[in-house]
Visitor: 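First the structure, then my questions, so here it is.
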Amino acid sequence: MRIGVPKEIKPQENRIGLTPESTKILTSNGHEVLVENNGGLEAGFYNDQYKKAGAKIVDKAEDIFNDAEIIVKVKEPLSNEIKMIKENQTVFTYLHLAAAKELTEGLVKSKSVCIAYETVTDNNGRLPLLAPMSAVAGRMSIQAGAHSLEKNQKGRGILLGGAPGVEPATVVILGGGVVGENAALIATGMKAKVYIVDKSAKRLDQLKEIFGKTIIPQQIDKVDLKELISECVLLIGGVLIPGAEAPKLITKDMLKLMKKGSVIVDVAIDQGGCVETSKPTTHANPTYIVDDVVHYCVANMPGGVPRTSTLALNKATIPFLAKLADKGYEKALKEDKNFLAGLNVFKGQVTYKAVADQLGHTYISPTEVLGNV
């Protein structure tokens, strides 16, 4: 199988789909790997390392899209990449289609096979290919929030952990999943006062076992969210409905309850955000202000730490990619129901229900479309 790895072109996105180590695994199995020139440079992976691992360095992304049977990326294809995707080509990357109508339309028209990292499952219903980047984003959310709280960043001028004789600041984390747990790990380490809000009492009990008295767990249907956000100076949006658009838990009117200079970090922005006033930003211009509240809504947060992120992502994705290359998409997906859950678009059909429902497409199950192959 010929596997293509183009350089990421999303603004300030410095990760790459394959590390040299992962490349070696694939070439050792007899596959051909095409890597765009200097595609891994900003993540600390160099052309010579890829060559040593058996890859071919290609100058133009167009040649990779033209020649490869599988395209491996990190972020969703942008418009000029969508134009290069060929019929029957397999695209394996993060897609987040529920919040991306134009992208979905483009992939449907391409008649390609699109497998999304973020909807692949495991036997416990977890999302193993989303988890490593959620962990990175969760940890980064507190770093980003703490920095944004500084006065020269137009924040409130508060240190999260307080100081001798000064009470620590209050952090509210919406969602107790991977993002929330990792955000809490950093926030508690900084000695902030940390609330975690989730709908699942069972999950909150698990978090209480992990963090003990360093967190205050709150069940969403039993807490006054308005009162809670009026107390906090840092709000982390870590809500996730797999493959679907994030629910808007914080409305524009609720923003008026927050203190001037407070900060929102909406990690859910890839799925549309869980704050009504959220809109995607970039690492170059990460924040904006609405009603005196600083919003940090970078849509590719882990791209800010590309080496750590690429290494973590590859550890999760390479077993699936190797299976895809060894067996082809039809056999690899049919044999593994968890891998099959990643199939979002198949040759012009939307095969992930949450995406179809959100964007008004007819839903056809992955099992049905593969049965017709």
Visitor: Is there a side-chain contact between Tyr288 and Ser278 (heavy atoms, below 4.5 Å)?
Guide: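 Yes. Closest side-chain heavy atoms under 4.5 Å.
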Visitor: Would you be so kind as to tabulate the donor-acceptor pairs closer than 3.5 Å made by side chains of residues 190-198, with sequence neighbours excluded?
Guide:
from	atom 1	to	atom 2	distance (Å)
Asp198	OD1	Gly176	N	2.7
Asp198	OD2	Ser200	N	2.9

Visitor: Is there any salt bridge (charged side-chain N to carboxylate O under 4.0 Å, His left out) pair reaching into residues 10-21, and which pairs are they, with sequence neighbours excluded?
Guide: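 For residues 10-21, and leaving out neighbouring residues, the salt bridge (charged side-chain N to carboxylate O under 4.0 Å, His left out) pairs sorted by first residue read Lys10-Glu76, Glu13-Arg15.
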Visitor: Salt bridge or not between Asp336 and Lys323? Use side-chain N to carboxylate O under 4.0 Å.
Guide: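 A salt bridge is present here (some side-chain N lies under 4.0 Å from a carboxylate O).
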Visitor: Taking Glu8 first and then Lys73, would you say they form a salt bridge - that is, a charged N and a carboxylate O separated by under 4.0 Å?
Guide: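 Salt bridge flag = yes for Lys73 with Glu8.
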Visitor: Going by salt bridge (charged side-chain N to carboxylate O under 4.0 Å, His left out), name the pairs with one or both residues in residues 242-256, residues two or more places apart or in two chains.
Guide: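 Applying salt bridge (charged side-chain N to carboxylate O under 4.0 Å, His left out) to every pair that reaches into residues 242-256, excluding sequence neighbours, yields Glu245-Lys248, Lys252-Asp291, Asp253-Lys256, Lys256-Asp291.
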Visitor: Could you tell me whether Glu32 and Lys56 have a side-chain N and a carboxylate O separated by less than 4.0 Å?
Guide: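 Salt bridge flag = no for Lys56 with Glu32.
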Visitor: Do Val290 and His295 make a side-chain contact, defined as non-hydrogen atoms from C-beta onward lying under 4.5 Å apart?
Guide: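 Touching, per the 4.5 Å side-chain cut-off.
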Visitor: Identify the two heavy atoms, one from Pro20 and one from Ala53, that lie closest to each other, and give their separation to 0.1 Å.
Guide: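 Shortest heavy-atom contact: O-CB, 3.3 Å.
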Visitor: Return the CD1 to CG distance between Ile115 and Asn344, rounded to the nearest 0.5 Å.
Guide: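 That separation rounds to 9.5 Å.
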Visitor: Show me the pairs that pass ring pair (Phe, Tyr, Trp, His ring centres under 6.0 Å) and involve residues 36-57, at least two apart or across chains.
Guide: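 Pairs touching residues 36-57 that pass the test: none.
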Visitor: Whether Lys334 and Glu330 form a salt bridge (side-chain N of Lys/Arg under 4.0 Å from carboxylate O of Asp/Glu) is what I want to check.
Guide: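 Salt bridge: yes.
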Visitor: Strictly by salt bridge (charged side-chain N to carboxylate O under 4.0 Å, His left out), give each pair with a member in residues 171-185 just once, sequence neighbours left out.
Guide: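 Checked against salt bridge (charged side-chain N to carboxylate O under 4.0 Å, His left out) - neighbours excluded - the pairs reaching residues 171-185 are Glu181-Arg203.
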Visitor: Output all residues satisfying salt bridge (Lys or Arg N to Asp or Glu O under 4.0 Å) with Glu276, sequence neighbours left out; order by chain, then residue number.
Guide: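 Counting only residues at least two positions away or on another chain, Glu276 forms no salt bridge (Lys or Arg N to Asp or Glu O under 4.0 Å).
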